[in-house]
Structure formats: structure tokens, C-alpha cells
Amino acid sequence: MRTVEVLLDETADAAVREAWRRLAEAGLPSQARHRSPTNSPHLTLAACRELTAPIRWELAAVAASLPLAVRFTGAVRFERPTSVLAWALDLDAPLAALHRRVWEAVTSDGGPQTLNPFHEPGRWSPHVTLGRTRRAGAFADRRIPGLLPAPPVSVRLTTLRSYDTETGALEVLRPRP
């Protein structure tokens, strides 16, 4: 699979890494435990089997629309096949439009039937993951919000990238020249 993600500005990146550090120091699941150089705070917009030429063409137009200002709204938990602790982002009109453009790009060359339904517009919950584990209820402890630093109010989404889950390669998706 190939993800389509956006990276955060330096200040927001540092705040997320601080949250990762605090969770790890408290012995909780944390993205800080993923030592891969490809692991960085990001917002996943979609994932698809491959980035074909038509998809790349559309994503280049999306990349040209960055940076985009967004806002964190606070901590959120998800219980899917995995337990996730994250900082949620306000799904305002500009972020919803950016996401829809990415969704339309990744469905432009094959349709949505093979894509993660959680990324579909209307179902997508924009968030930046702080910790993840297969242990159900891992983030139910009421002390967890007190461990986290306050998320920055203003965040800029700066760079569109893709991660190849098979090879581990990262690729920055650049605007068309």
C-alpha cells in the first residue's frame, strides 16, 4: 500500500514528538518507540495500492495547495482493531476540501472499493497519532490527558508525502512545475 500523508510544521512536529516522549516515559504505547527514520508526525489522508500516473497528476495539484493552516482540537481515542490515542484536528472547510481532493485522486484510477473505508469523506476523522497498540482499552486511563502537553493551537500542514508499506520508502509528492 501507498499512503498519502501531510507533514506538520516544525513547531507542531516538536509538540507531537514531546507527547510521544511523555507517553513513552510513562510506559504507555507511543509512536516514539518506532525508531524508523520514516516515522514522523503526520496526518494520513488516504492509502491506495499504488500511485499511478493519473493519481500522481492529481496529487501534484494537491501539493501545490500547501501549506494549509489547521487547528488541533484535543486528545481523542479510537478503538478499532488497534487502540489509538491521537490529537484530533478540526475538520473545517479547507481541510475537508484538501481531503476530498486526495480521496478523488486516489479513486481516480480504480475506484474506492479497495480503499480503507475510514479514509472516505464523511467517515474520515483527521488526527495525528500519538500512540497505538493492539491492547484494547490501553488509553482508557484518566491520567493520560494530564501526561500530554497542550497541542499547539495553530498548525500548518506543509508537505505531501507517500509511504510505501512494502519497501519502507518515503516519497515527497511535489507540485507540478
Side-chain angles (χ1 to χ4, degrees), residues 1-17 19-20 31-32 34-73 76 78 80-82 84 86-130 132 151-177:
M1 294 296 288
R2 296 291 301 259
T3 64
V4 179
E5 309 166 347
V6 281
L7 299 178
L8 313 177
D9 64 62
E10 288 180 23
T11 301
D13 183 279
V16 171
R17 289 178 189 276
W20 290 357
Q31 293 304 99
H34 296 278
R35 299 286 184 204
S36 168
T38 63
N39 183 40
S40 60
H42 65 274
L43 171 64
T44 301
L45 300 165
C48 57
R49 290 194 192 281
E50 65 178 305
L51 296 181
T52 63
I55 292 171
R56 287 175 178 281
W57 179 259
E58 296 301 324
L59 291 176
V62 173
S65 69
L66 296 174
L68 177 69
V70 296
R71 289 182 324 106
F72 280 123
T73 59
V76 64
F78 300 104
R80 294 180 178 159
T82 58
V84 175
W87 276 339
L89 290 163
D90 180 24
L91 186 53
D92 61 8
L95 181 55
L98 177 83
H99 175 252
R100 180 164 294 285
R101 290 176 66 198
V102 168
W103 181 260
E104 289 171 355
V106 299
T107 59
S108 68
D109 195 22
Q113 60 275 13
T114 61
L115 303 180
N116 184 335
F118 288 122
H119 292 149
E120 185 176 347
R123 292 190 67 192
W124 180 64
S125 296
H127 65 277
V128 175
T129 300
L130 303 175
R132 172 191 346 253
V153 175
S154 178
V155 178
R156 288 180 335 128
L157 303 176
T158 61
T159 305
L160 195 66
R161 77 173 188 180
S162 178
Y163 174 70
D164 186 322
T165 61
E166 290 180 21
T167 67
L170 278 179
E171 176 185 1
V172 172
L173 302 171
R174 303 199 186 282
R176 288 181 274 222

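Atom set for the values below is all heavy atoms of this structure, side chains included, hydrogens, waters and symmetry mates excluded.
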*For S65, what residues pass the side chain to side chain contact (heavy atoms under 4.5 Å, CB included) criterion, not counting sequence neighbours?*
V62, L98, R101
*asked:* According to salt bridge (Lys or Arg N to Asp or Glu O under 4.0 Å), does anything in residues 121-130 pair up with another residue at least two apart or in another chain? List the pairs.
replied: none
*Contacts of S154 that satisfy side chain to side chain donor-acceptor pair (under 3.5 Å) - sequence neighbours left out*: none
*Using the test side chain to side chain contact (heavy atoms under 4.5 Å, CB included), find all partners of H99 that sit at least two apart in sequence or belong to another chain.*
L45, P121, W124
Only distances under 3.5 Å count here; give the side-chain donor-acceptor pairs of residues 87-96 to other protein atoms, sequence neighbours excluded, each with its distance to 0.1 Å.
| unit_1 | atom_1 | unit_2 | atom_2 | d |
| --- | --- | --- | --- | --- |
| D90 | OD2 | R71 | NH2 | 3.3 |
| D92 | OD1 | L95 | N | 3.0 |

*Scan side-chain atoms only and decide if E5 and T3 contain a donor-acceptor pair under the 3.5 Å cut-off.*
yes
*Are side-chain heavy atoms of V4 and W103 found at a separation under 4.5 Å?*
no
*Who passes side chain to side chain donor-acceptor pair (under 3.5 Å) against S36, sequence neighbours left out?*
T38
_Any side-chain donor near an acceptor of the partner, T44 and H42, under 3.5 Å_ = yes
*Without swapping roles, check the side chain of N39 against the backbone of A32 for a donor-acceptor pair under 3.5 Å.*
no
*Partners of S125 by side chain to side chain contact (heavy atoms under 4.5 Å, CB included), sequence neighbours excluded?*
F78
*Who are the side chain to side chain donor-acceptor pair (under 3.5 Å) partners of T129, not counting sequence neighbours?*
none
Side chains of residues 6-15: which donor-acceptor partners sit under 3.5 Å, not counting sequence neighbours?
| unit_1 | atom_1 | unit_2 | atom_2 | d |
| --- | --- | --- | --- | --- |
| D9 | OD1 | T11 | N | 3.0 |
| D9 | OD1 | A12 | N | 2.9 |
| D9 | OD2 | R156 | N | 2.5 |
| D13 | OD1 | R17 | NE | 2.7 |

*Can you name the salt bridge (charged side-chain N to carboxylate O under 4.0 Å, His left out) partners of E58, sequence neighbours left out?*
none
*First locate atom OG1 of T107, then atom CD of E120, and finally report the distance between them rounded to the nearest 0.5 Å.*
9.5 Å
Let me have the donor-acceptor pairs involving side chains of residues 167-177, under 3.5 Å, with sequence neighbours excluded, atom names and distances please.
| unit_1 | atom_1 | unit_2 | atom_2 | d |
| --- | --- | --- | --- | --- |
| T167 | OG1 | A169 | N | 3.2 |
| E171 | OE1 | R2 | NH2 | 2.7 |
| E171 | OE1 | R56 | NH1 | 3.4 |
| E171 | OE1 | R56 | NH2 | 3.1 |
| E171 | OE2 | R56 | NH1 | 2.6 |
| R176 | NH1 | W57 | O | 3.4 |

_Once rounded to the nearest 0.5 Å, what's the spacing between atom CG of L51 and atom OG of S162?_
4.0 Å
*asked:* Could you check whether any side-chain heavy atom of H34 comes within less than 4.5 Å of a side-chain heavy atom of S40, counting everything from C-beta outward?
replied: no
